[in-house]
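These notes are about the structure you will find just below.
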Amino acid sequence: MNADISNVLDELENQSRLEKARKVDVAPQDRMLAITKETGEFLNMILRLKNAKNVLEVGMSVGYSTIWIAEAIIEKSGKIFTIEKNPDKIKRAMDNFAKAKIEKVIEIKEGIAMTILKELSAQEKNQNFFDMVLIDADKENIIEYFDLILPMVMPGGVIITDNMLHPEKYRQDMKKFSDYLKSNPDLRTTTSNIGNGEEITIKIK
Ligand SMILES: C[S@@+](CC[C@H](N)C(=O)[O-])C[C@H]1O[C@@H](n2cnc3c(N)ncnc32)[C@H](O)[C@@H]1O
């Protein structure tokens, strides 16, 4: 991995550690709430194994997960569409992307996930388009997000959902989500204990 990217990842991991240990005073809406490093490595490996180019991310925050994704697709002229509603986090993410020199592969969609997903899914060119999707925003609407996302994933594409097991407060909703996925015969899905618990879902057809 090149030094520009690994330096920014190191900085963000350090910040995330301090936030989780409550060693810095950060307002709830400004917290990174990032995936773990282990999950970042896992996403990066899946993207490389799939030779992936086009990725959709729901919930960018300050861009930690986006950087792990970008690192895997940048040499393939890939593209990440990433959704975030918080303008301050978007500014911080843009600084991080500039420092990591990966801006050219990232298109930030500022706004509410449901609205943006409806817009994206209404466009013909996005049907069966994405190799991978990361779902990591609010959990209340997760089934609706998934239903909008699924037609945009190419057959054989992967959908990763964070926070299946941690924090505990989401566990019941996430179990319902996982059961919903399991009821669809066109999907294969499993809940792994990587990071905060990652649901790994493959669209078979
Ligand atoms: C868990 S964090 C994402 C962390 C990021 N994926 C990472 O690992 O670095 C969730 C983000 O989703 C954003 N978010 C939550 N609900 C949203 C919504 N309805 N529309 C758009 N963004 C939303 C929050 O502002 C927050 O930054």
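Given the structure is predicted, the values throughout are model-derived calculations rather than measurements.
In this structure, the side chains of K203 and N128 come closer than 4.5 Å at one or more pairs of heavy atoms. The closest side-chain heavy-atom distance from D136 to E57 is not below 4.5 Å. Taking 4.5 Å as the limit, every side-chain heavy atom of D30 sits out of range of all side-chain heavy atoms of V62. Looking only at side-chain heavy atoms (C-beta outward), L187 and I202 stay at 4.5 Å or farther from each other. Using a 4.5 Å heavy-atom cutoff, the side chains of W68 and L134 are not in contact. R171 places a side-chain heavy atom less than 4.5 Å from the side chain of E168. Under the 4.5 Å side-chain criterion, counting only non-hydrogen atoms from C-beta, K79 is in contact with E107. Put simply, the side chain of N193 does not reach to within 4.5 Å of the side chain of M164, judged on heavy atoms.
A donor-acceptor pair shorter than 3.5 Å cannot be found between the side chains of D4 and N7. Side-chain atoms of N2 and K101 form no donor-acceptor pair, as typed in the model, at a separation below 3.5 Å. Between the side chains of S178 and E199, at least one donor N or O sits under 3.5 Å from an acceptor N or O. Using a 3.5 Å distance cut-off with no hydrogens or angles, the side chains of D162 and Y170 do not pair a donor with an acceptor. With 3.5 Å as the limit, one finds no donor-acceptor pair spanning the side chains of S61 and E84.
Pairing each heavy atom of V8 with each of A100, the nearest pair is CG2-N, 3.8 Å. Residues A52 and D131 come closest through the heavy atom pair CB-CB, 3.6 Å. Nearest heavy-atom pair, A34 versus N196, reported as atom, atom and distance to 0.1 Å: O-ND2, 4.3 Å. Nearest heavy-atom pair, I46 versus M132, reported as atom, atom and distance to 0.1 Å: CG2-SD, 4.5 Å. Here the closest heavy-atom approach between residue Q127 and residue S121 is recorded as NE2-O, 2.9 Å. Heavy atoms only, all atoms of each residue included: E19 and L33 are closest at OE1-N, 4.4 Å.
One finds the CD1 atom of I74 at 5.5 Å from the CD1 atom of I5 (value rounded to the nearest 0.5 Å). Considering OG of S65 and CE of M32, their distance stands at 9.0 Å, rounded to 0.5 Å. The structure places NZ of K89 at 13.0 Å from CD1 of I108, a figure rounded to the nearest 0.5 Å. Rounding to the nearest 0.5 angstrom, the gap separating the NZ atom in K53 from the CG atom in L47 is 13.5 Å. Rounding to the nearest 0.5 Å places CE of M94 at 14.0 Å from NZ of K99. The CG atom of N51 lies 11.5 Å from the CD1 atom of I73; values are rounded to the nearest 0.5 Å.
Atom CE of M1 has more than 12 neighbouring heavy atoms from other residues, nucleotides or ligands inside a 6.0 Å radius. Dense packing is recorded around CG of D95, with more than 12 heavy atoms of other residues, nucleotides or ligands lying under 6.0 Å away. Environment of NZ in K182: crowded, with over 12 heavy atoms of neighbouring residues, nucleotides or ligands closer than 6.0 Å. Heavy atoms of other residues, nucleotides or ligands lying less than 6.0 angstrom from CE of M114 number more than 12. Environment of CD in E75: sparse, with no more than 12 heavy atoms of neighbouring residues, nucleotides or ligands closer than 6.0 Å. More than 12 non-hydrogen atoms from other residues, nucleotides or ligands lie less than 6.0 angstrom from CD of Q123.
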Kindly determine whether I142 and M174 satisfy side chain to side chain contact (heavy atoms under 4.5 Å, CB included), including the steps that lead there.
CA-CA 8 Å; I142 199 145; M174 299 314 257; 3.6 Å; yes
Report the C-alpha separation of Q15 and Y64 in whole Å, then their side-chain angles, then the decisive distance to 0.1 Å, and conclude whether the side chain to side chain contact (heavy atoms under 4.5 Å, CB included) test is met.
CA-CA 11 Å; Q15 174 71 15; Y64 177 73; over 6 Å; no
E198 vs S192, test: side-chain hydrogen bond (donor to acceptor under 3.5 Å, both in side chains). Steps then yes/no.
CA-CA 5 Å; E198 305 304 317; S192 80; over 6 Å; no
Take I160 and I135 through the side chain to side chain contact (heavy atoms under 4.5 Å, CB included) test and state the conclusion after the steps.
CA-CA 6 Å; I160 306 286; I135 307 178; over 6 Å; no
Carefully, step by step, assess L43 and I35 under the rule side chain to side chain contact (heavy atoms under 4.5 Å, CB included).
CA-CA 10 Å; L43 293 175; I35 57 165; 3.8 Å; yes
Pair K20, E13 - check salt bridge (Lys or Arg N to Asp or Glu O under 4.0 Å), show working.
CA-CA 10 Å; K20 280 181 189 155; E13 279 153 20; over 6 Å; no
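Considering L56, N54, I69 as possible partners of I80, the one that fulfils the side-chain contact (heavy atoms from CB on, under 4.5 Å) test is I69. None of I116, T115, V58 except one satisfies the side-chain contact (heavy atoms from CB on, under 4.5 Å) rule with K109; the exception is I116. Of the residues listed (N184, D179, T201), the one engaging T189 in a side-chain hydrogen bond (donor to acceptor under 3.5 Å, both in side chains) is T201, and it is the only one.
V133 and M152 fall within the same hydrophobic cluster, defined by Ile, Leu, Val, Met, Phe, Trp and Tyr side-chain heavy atoms under 4.5 Å apart, directly or through other members. I83 and V55 end up in different hydrophobic clusters when Ile, Leu, Val, Met, Phe, Trp and Tyr side chains are linked at under 4.5 Å. If you chain together hydrophobic residues whose side chains sit under 4.5 Å apart, I106 and L12 fall into the same group. Under the 4.5 Å side-chain contact rule for hydrophobic residues, L120 and V105 do not share a cluster. In this structure, L148 is a member of the same hydrophobic cluster as Y180, with clusters built from ILVMFWY side-chain heavy atoms closer than 4.5 Å.
Not counting sequence neighbours, the partners of R17 by the side chain to side chain donor-acceptor pair (under 3.5 Å) test are N14.
The closest donor-acceptor contact from the side chain of N96 to the backbone of R92 lies under 3.5 Å. Of the possible donor and acceptor atoms, one in the side chain of N86 sits under 3.5 Å from a partner among the backbone N and O of Q29.
Ion pairing between a basic and an acidic side chain is recognised when a charged N comes within 4.0 Å of a carboxylate O; K139 and D173 show no such pairing. Ionic pairing of E71 and R48 is present here: one or more N-O contacts between side-chain nitrogen and carboxylate oxygen are shorter than 4.0 angstrom.
Judged as a ring pair (Phe, Tyr, Trp, His ring centres under 6.0 Å), not a single pair has a partner in residues 20-50 (not counting sequence neighbours). Within the structure, ring pair (Phe, Tyr, Trp, His ring centres under 6.0 Å) contacts touching residues 114-151 (residues at least two apart or in different chains) are F81-F130, F146-F177.
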